[in-house]
Undergrad: 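Take a look at the following structure, please.
Numbers here simply count residues along the sequence, with the first being 1. Every number for a ligand or one of its atoms is a count from 1 in the order of the listing.
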Amino acid sequence: MSPVLPPRVIAFDGDDTLWHNETLFSMTQERFRAILRSHLSLDLADLDARLLATERKNLAVYGYGIKGFVLSMVETAIEVTDGRTPASDITAILSVGRAMLEHPVELIEGAREVLESLRARDHELWLITKGDLFDQESKIARSGLEPLFDRIEIVSEKDEGTYRRLLDRHGISADEFAMVGNTLRSDVLPVINLGARAFHVPYQITWAHEHVEGDLPDGALVLDALTELPVRLQAMGLSRSVRHDQP
Ligand SMILES: [Mg+2]
């Protein structure tokens, strides 16, 4: 049965929920293709598939983030050229990777206003983001959103065990917790499995690794835009006051 009270603690994903991220990866992948295609004849779909396979294989070793992505691009370049990649290509790949790390953080429309309005309503706000610690810390600082959060957690994976540990550590029950994020795999499914609520705010692009097929599970709500969140939460709050007012 769904809980009736509105969630007190609202946790947000960072990448592609509060700030743009996947567009930067797509843009860089375009540049990677261009670097290799300048002197190699390659099928683009095949090159993309090889890169994705390398990234997936390396996740367990490098974790999520830009630095792992750069190493995977270098490894893929070496593989598709049978070890004949010129050093100038490696330099170009390192350079596009560095540009990613230094790219300005662009907030999703309305992100700051949404956080401010929820704080004003006494929600406790968390940020739960996964990936490279240094890169995530830098992005959070550059986003300017850091002061709006009561708690910031940078984790290496966002699965059921991670969410369970975070809730237990801070003494939060599942029915007072809701997660807001763009990926079903990391932000929605594990949270719903714990009995908490989740708001899915799809982004324009989803990394193939994060893509899952299927319907939204019970307890999850889909939003067309992050800016819908305050109204949807308010609707939960109103239903609570109606219940309490009943004789
Ligand atoms: Mg995300």
Undergrad: Enumerate the protein N/O/S atoms at a distance below 2.8 Å from the Mg ion (ligand 1), ignoring waters.
TA: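 Listed by chain and number, the atoms are Asp13 OD2, Asp15 O, Asn182 OD1.
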Undergrad: I need the minimum non-hydrogen distance between Phe149 and Arg119, along with the two atoms involved.
TA: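 Looks like N-NH1, 4.0 Å.
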Undergrad: Is a donor on one side and an acceptor on the other found under 3.5 Å between the side chain of Asp159 and the backbone of Thr162?
TA: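 Yes.
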Undergrad: Are Glu153 and His170 linked by a side-chain donor-acceptor pair shorter than 3.5 Å?
TA: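 Result is yes, a qualifying pair exists.
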Undergrad: Please report the interatomic distance CG(Asp187) to CD1(Ile192), rounded to the nearest 0.5 Å.
TA: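 Result: 11.5 Å between the selected atoms.
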Undergrad: Looking at Leu145, Leu125, Leu127, Ile128, which one forms a side chain to side chain contact (heavy atoms under 4.5 Å, CB included) with Ile152?
TA: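 One option only clears the test, and that one is Leu127.
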Undergrad: Quick check on side chain to side chain contact (heavy atoms under 4.5 Å, CB included): which of Asp13, Asp15, Asn182, Asn21 does Tyr203 satisfy it with?
TA: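 Only one of Asp13, Asp15, Asn182, Asn21 forms a side chain to side chain contact (heavy atoms under 4.5 Å, CB included) with Tyr203, namely Asn182.
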